[in-house]
Undergrad: 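One structure, pasted below without further comment.
Everything numeric here is computed off the predicted structure, so don't read it as measured data. Atoms within a ligand are numbered from 1 in the order they appear, just like the ligands themselves.
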Amino acid sequence: MIDDLYNYPLYRPPSEAYSLIIQITLGCSHNKCTFCNMYKGKQFTIKPFEKVKSEIDFFRSQIKHIDKIFLADGDALIMRTESLIKILKYINLKFPEVKRISLYASPRSILLKTEKELEEIRNLGVSLVYMGLESGDNETLKEINKGATAEEITEAALKMKKIGFQLSVTVIAGILGNKDSTNHAVNTGKVISKIIPDYLGILCLVVHPETDIDIQCKKGEFVEASGDQIMEEIKLMIENINIPDNEKIIFRSNHASNYLNLKGNFPEDKDRLLDDINYAISNDYIRQRNEQYLKYSKKGF
Ligand code: SF4
């Protein structure tokens, strides 16, 4: 059974819904971000090649055709380059039809690899990398224990883009709760303008059980931001995203956590996105949406 091969919980980006997931590592090598509980119960492990090989063989025996493969878990790029290359070569041998291989990568794992190593990985079919920026503000990054500075994240992102990887970046609104988030919003917009990722997603903080933020909430040390505060924060981020007309960022803020669905491309849709936010705030849409959400979530919809 395919399900027996996976070590749960298993996460993948929404855009990998139709991809074959091959779990080449378990957990996250950092596992210390204050808002994240994804891999709390997993010890970070690099799976031995023979195990991954037998799983690839099994998948091939079950799947006639696959276009996309996602390499899980949280930071597959941290694996030693020789080991990753061995796996990628075997994937290419067994799935010659695959058009895209992607993975999550932390800034640290990118910076630990040389450009030559990353080029080899790119040439073996890894074309899309997902990286959590969370914030472009160093104080905020320190507060959430991201384990990297804005400068390191920027360097890692630009390194990947130079080599020819597509880059998908996520940031988190509401990560500071109801505290002043001006620097988080402004500096995140500025870092996005430097990186110019191919894809940008803005998520809203969800307080997950057993995270440090959850513990802070219970002690009264962290108070979640209101919907309107979060929208003001997203507005400030967007106002600070300035990229040349010949560049493009595909932007989505339509995750289940978001108060308002936003979708467009930078730079051309920037003004329209800001108009959408202003309209929602001035028409009390966010508060009403939040009340509806709470009402239906209590009913267990
Ligand atoms: S947010 Fe990413 S880097 Fe941070 S603990 Fe979770 S999986 Fe690891």
Undergrad: Do Lys270 side-chain atoms and Ile241 backbone N/O form a donor-acceptor pair below 3.5 Å?
TA: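 Here the side-chain-to-backbone pair exists.
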Undergrad: Going by the order shown, which atoms of ligand 1 are within less than 4.0 Å of some heavy atom of Tyr39?
TA: 7 (S)
Undergrad: So if I count the atoms of ligand 1 from 1 in the order they appear, which ones are less than 4.0 Å from some heavy atom of Phe35?
TA: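 What qualifies from ligand 1 is 1 (S).
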Undergrad: Is the distance from atom 8 (Fe) of ligand 1 to some N, O or S atom of Cys36 under 2.8 Å?
TA: no
Undergrad: Give a yes or no on whether the backbone of Val52 and the side-chain of Tyr90 come within a donor-acceptor separation of less than 3.5 Å.
TA: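 Flag not set: sc Tyr90 to bb Val52 has no pair under 3.5 Å.
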Undergrad: Just go through Ser106, Cys33, Ser29 and tell me whose heavy atom is the nearest to atom 4 (Fe) of ligand 1.
TA: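 Shortest heavy-atom distance from atom 4 (Fe) of ligand 1: Cys33.
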Undergrad: Among all protein heavy atoms, pick the one closest to atom 5 (S) of ligand 1 and tell me residue, atom and distance.
TA: Asn31 CA, 3.5 Å
Undergrad: Should the proximity of Tyr104 to ligand 1, defined as any heavy atom under 4.0 Å, be assigned to the side chain, the backbone, both, or neither?
TA: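 No part of Tyr104 is near ligand 1 at this cut-off.
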Undergrad: Decide if atom CZ of Arg108 counts as having more than 12 heavy atoms of other residues, nucleotides or ligands within a radius under 6.0 Å.
TA: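 No - once you tally the heavy atoms of other residues, nucleotides and ligands closer than 6.0 Å, there are 12 at most.
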Undergrad: Under a heavy-atom criterion of less than 4.0 Å, does Cys28 contact ligand 1?
TA: yes
Undergrad: Looking at Ser106 and Asp75, would you say the former's side chain and the latter's main chain have a donor-acceptor pair under 3.5 Å?
TA: no
Undergrad: Under a 4.0 Å N-O cut-off, is there an ion pair linking Lys116 with Glu120?
TA: no
Undergrad: Of all the non-hydrogen atoms in the protein, which one sits nearest to atom 2 (Fe) of ligand 1, and at what distance?
TA: Lys146 NZ, 4.4 Å
Undergrad: Could you list the atoms of ligand 1 found under 4.0 angstrom from a heavy atom of Lys32?
TA: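 Every atom of ligand 1 under 4.0 Å from some heavy atom of Lys32: 5 (S).
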Undergrad: Looking at Thr154, is its backbone amide N or carbonyl O close enough to the side chain of Lys194 to form a donor-acceptor pair, meaning the two atoms are under 3.5 Å apart?
TA: no
Undergrad: Is the distance between the ring centroids of Phe70 and Tyr104 under 6.0 Å?
TA: yes
